[in-house]
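A short write-up of the structure that comes next.
All values below come from the heavy atoms of this structure, side chains included, with hydrogens, waters and symmetry mates left out. Just so you know, residue 1 is the first one in the sequence shown, and it goes up from there.
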Amino acid sequence: MAIKGLSKPYYAKYTNTDGVITYSDGGVFGKAIEWGVSIQKSDDNHLYADNNIAETDKGKFQSGELSVTTSGIAPDTSRVILGIKTKTVTVNGKSATVSVYDDDAESPDLGFGIIEWHQNNNVDKYRAVILLRTYFNIPEDAATTKGESVEWGTPAITAAIMRSEAVDENGNHPWKEEAWFDTEADAETYIK
């Protein structure tokens, strides 16, 4: 299936209570422009016998990195996904909220979801992807002055991907889920 588009990068707070994983206080943190995932896995371990590979213990997921580019991340959302404190100051008689990046700043564990729009044989499908446990890194700051025309600056942010602390009946820890839907609305409902 060819990918036609991308939408709705979601986040939600990840909580582990005695092995029960819940998500809360979520929302969309911008309009999606681009996303990508790179995965690190352990090496394949081959058993050689009779001068050939007889058995292989295949590498397993260890960690990963998520990168997301959006149209923008609202200050309130940025504070939530990065664990940033705030204080209030008065400037020219008006109240302003200040984001405080300090030694105690710690990005919380979050679930992340996004929707890909695909097409195959003129039929649209929507792939809802959920990374079950991530934490975002403080993004780089950069800007360019306006010249004769606007060169849009779109923020990119990365997150570490980890296994969920949930465990299935075989002792496996999931790290990603995906499902396919006929409508974007159904994909979004699944993510929520």
Side-chain angles (χ1 to χ4, degrees), residues 3-16 21-41 61-89 96-118 126-147 150-166 173-179 184 187-192:
I3 300 173
K4 290 173 68 170
L6 183 69
S7 62
K8 305 212 168 51
Y10 268 91
Y11 71 93
K13 290 182 182 176
Y14 168 102
T15 304
N16 176 7
I21 308 304
T22 56
Y23 297 93
S24 62
D25 301 327
V28 175
F29 68 84
K31 293 183 178 182
I33 294 175
E34 185 176 1
W35 88 299
V37 169
S38 62
I39 300 302
Q40 290 77 45
K41 66 179 194 79
F61 172 87
Q62 290 184 320
S63 64
E65 184 176 86
L66 162 68
S67 61
V68 183
T69 303
T70 67
S71 59
I73 301 173
D76 289 346
T77 302
S78 183
R79 292 178 194 121
V80 170
I81 68 174
L82 296 173
I84 304 301
K85 298 174 190 169
T86 62
K87 67 180 181 180
T88 303
V89 298
T97 302
V98 177
S99 297
V100 179
Y101 295 73
D102 64 12
D103 294 341
D104 292 333
E106 185 174 317
S107 297
D109 288 350
L110 302 168
F112 172 83
I114 199 160
I115 301 169
E116 292 178 352
W117 177 18
H118 292 247
Y126 296 86
R127 176 183 177 229
V129 180
I130 298 174
L131 299 173
L132 300 171
R133 185 176 173 211
T134 67
Y135 66 87
F136 283 94
N137 301 303
I138 295 172
E140 295 179 10
D141 289 327
T144 303
T145 192
K146 181 185 173 298
V150 173
E151 291 185 33
W152 296 103
T154 54
I157 190 167
T158 61
I161 302 168
M162 301 173 289
R163 289 181 182 93
S164 172
E165 294 167 302
H173 295 266
W175 57 274
K176 174 179 157 181
E177 294 181 354
E178 66 178 64
E184 183 182 43
E188 185 173 11
T189 299
Y190 170 73
I191 288 174
K192 287 178 178 180

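- Annotation for I138 and Y101: closest pair CD1-CD2, 3.9 Å, computed over non-hydrogen atoms.
- For S71, there are no side-chain hydrogen bond (donor to acceptor under 3.5 Å, both in side chains) partners, not counting sequence neighbours.
- With rounding to the nearest 0.5 Å, the separation of CG in L110 from OG in S24 is 9.5 Å.
- Interatomic distance, NZ of K13 versus CD1 of I81, reported as 12.0 Å (0.5 Å rounding).
- Aromatic ring pairs are classed by plane angle as parallel below 30°, tilted from 30° to 60° and perpendicular above 60°; the pair Y126 and W117 is parallel.
- A distance of 9.5 Å separates CG in N16 from CG in D109, rounded to the nearest 0.5 Å.
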Residues V80, D25; criterion side chain to side chain contact (heavy atoms under 4.5 Å, CB included); working and verdict: CA-CA 9 Å; V80 170; D25 301 327; over 6 Å; no

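- Summarising the geometry of F136 relative to A159, their closest heavy-atom pair is CD2-CB, 3.5 Å, with the distance given to 0.1 Å.
- Checked against F112 for a side chain to side chain contact (heavy atoms under 4.5 Å, CB included), the options Y10, Y14, F29 give a single hit: F29.
- Considering every non-hydrogen atom in both S164 and I21, the closest pair reads OG-CG1, 3.8 Å.
- Between atom OG1 of residue T154 and atom NZ of residue K31 there is a gap of 14.0 Å, rounded to the nearest 0.5 Å.
- In this structure the side chain of P9 reaches within 4.5 angstrom of the side chain of T70, judged on heavy atoms.
- Annotation: the span from K85 atom NZ to S99 atom OG amounts to 12.5 Å, rounded to 0.5 Å.
- Considering only heavy atoms from C-beta on, I73 comes within 4.5 Å of I157 through its side chain.
- Side chains of L82 and P139 form a contact here, defined as non-hydrogen atoms less than 4.5 Å apart.
- One N or O on the side chain of H173 and one on the backbone of A166 form a donor-acceptor pair closer than 3.5 Å.
- One distance of note links CZ of F61 with CD of Q40; it measures 8.0 Å at 0.5 Å rounding.
- In terms of heavy-atom proximity, T86 sits nearest to R79 at CG2-CD, 3.0 Å.
- Across all non-hydrogen atoms, the minimal contact from M162 to Y135 is CE-CD2, 3.5 Å.
- Under a 3.5 Å cut-off, the side chain of S107 and the backbone N or O of N137 do not form any donor-acceptor pair.
- Minimum interatomic distance between G72 and P155 (heavy atoms only, all atoms of both residues): CA-CG, 3.7 Å.
- By the side-chain contact (heavy atoms from CB on, under 4.5 Å) test, V129 pairs with W35, I114, R127, K176, E178, sequence neighbours left out.
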